[in-house]
There are 2 protein chains.
Amino acid sequence: MSEVIPQRRVISRLPRERRVADIMEAAHDVFCERGYADASISDIAERAHVVEGTIYRYFENKRELLVRVVGHWYEEMLADYDTQLSGIKGTRNRLRFLIWRHLRAIKTDPALCRLVFSELRAGPDYRETRVFDLNRDYTRRTLDILRDAIAAGEFRDDAPLTLVRDMIYGGIEHHTWAFLRGEGDFPLDETADAITDFVYRALVIVPADDMTLARIEQAAAKLERLIGKAEA
Amino acid sequence: MSEVIPQRRVISRLPRERRVADIMEAAHDVFCERGYADASISDIAERAHVVEGTIYRYFENKRELLVRVVGHWYEEMLADYDTQLSGIKGTRNRLRFLIWRHLRAIKTDPALCRLVFSELRAGPDYRETRVFDLNRDYTRRTLDILRDAIAAGEFRDDAPLTLVRDMIYGGIEHHTWAFLRGEGDFPLDETADAITDFVYRALVIVPADDMTLARIEQAAAKLERLIGKAEA
DNA sequence: GCCTCTTAATGAATGGCATTCATCAGGAAT
DNA sequence: ATTCCTGATGAATGCCATTCATTAAGAGGC
């Protein structure tokens, strides 16, 4: 007999940034828990305490919401990146830092990484995305380090730089896919060491050791003496 | 005034394998043209000259259809793989062959590769998939080559093999993403050369160049003797 | 404190899609 | 020719992204 009295919901108008932040936080959570395809706008709306239509006032569509959520995360990650990197000296150490940071991001936020790897990057509009620019900015440091090492004569100059960059980030990604799918774990430091070592050895110019150098010099000296004699 | 007379469609019962093949071919085409998310079962059904329900008699759901289509493609690719590989000698050449084949597959079937890279591999059920096993079989050859080279003393033995494998395939994938999105092209042979070179250098044990040194020293000694004779 | 007006917020409606299922009928077996 | 198994059908179900006409919050003017 008792009628269900519809709760007179208090409708409040929040400042734009607050609403956007609420929606993005809810979207972040739902995307991470369910993945992009299984996340529904109504779930996100409910968690943000709004109704579906409201989301579309601030975001063009589901995909833009994803791009914005990921973009926000990228910006947070990049915040202290340069500061920390500038405190590290030496090609090998700097390279290891980039690799280690990337691995740590995967370990800390596997769900977000999956969104980037298999949803965002595959889209035909990826290049127009802010995440594309942020990512380019992110990996630019790798190229800078490689260029510096080449200029210093530490690395050979005949390896295509972008290929080296892709081997690093692609290798990291491939190696962590099982973890990203929730199958087991990976050792952060060991993996960073192994990848750094692999890349370093592939690029470094091996200086001849002292003994070898000494023998070459002796042989050269002998030749010079002989030439001198021949001239005489 | 003229009634649209519904075309009395001839319903024919095809042998199971034929129906399955028709559906898979249609699915292949639609998946490649539209991508997984935008491919609709009704499109596939129409192209296979069946009705939606029929597809569900042979395939559990859209995802299984994808797995089967990709699995079929993998099997075709692997058919002549071992035959060709067995004709190639030398670690470097064999490694280059694997890399080159992988790059060629990407260049030849970019749409299918995208399906694998961003739809299939991300799924939590990927490990239970036949594609997983096929892929494992596919990359096993890489590990075999690396192990052989280590056993022969050509490669160092302190690099984690699976990491090397992942650097190769992850690197290839990362490097070709722009192409996979339809943005430009990549040079097949040059890329294969550069990756092979990168990997080879990262792993090869630089032989202490005794031989070369010895030749220099012997040449100097011979010259010395000759000049001695001339003086005499 | 009241009125006006802009526009944030609502929630119902639309259309598309994967998947299910009751029903039909081809064709092999008898 | 008849029966029966099961392949094939297509309508129905339910979910979901997206749209839109309507409501009312709350800022600004008086």
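Naming convention: chains lettered A, B, ... in sequence-line order (proteins, then strands); numbering from 1 in each chain.
Within the structure, every side-chain polar atom (N or O) of B/Arg19 is placed at least 4.0 Å from both OP1 and OP2 of D/dG7. Regarding contacts with the backbone of D/dG7, a side-chain N or O of B/Arg57 is found under 4.0 angstrom from either OP1 or OP2. Side-chain N/O atoms of A/Tyr58 include one lying less than 4.0 angstrom from OP1 or OP2 on C/dA9. Side-chain N/O atoms of A/Thr54 include one lying less than 4.0 angstrom from OP1 or OP2 on C/dT10. Of the side-chain N and O atoms in B/Tyr56, one or more sit less than 4.0 angstrom from OP1 or OP2 of C/dT19. At the phosphate of C/dT7, neither OP1 nor OP2 sits under 4.0 Å from any side-chain N or O atom of A/Arg13.
Checked for salt-bridge contact, A/Lys62 and A/Glu119 miss the test: no charged N lies under 4.0 Å from a carboxylate O. Of the charged side-chain nitrogens involved, none lies within less than 4.0 Å of a carboxylate oxygen, so that B/Arg94 and B/Asp148 do not count as a salt-bridged pair. Salt bridge status for B/Arg92 with B/Asp197: present, with a side-chain N to carboxylate O gap under 4.0 Å.
DNA chain D is contacted by both A/Asp38 and B/Ile55; B/Ile55 maps to the nucleotide lying nearer its 5′ end (nearest heavy atom per residue).
For B/Lys62, the listed nucleotide lying nearest its side chain is C/dT19; candidates were D/dA25, C/dT19, D/dT9.
Note: CD1 (A/Ile41) to C1' (C/dT10) measures 16 Å, nearest angstrom.
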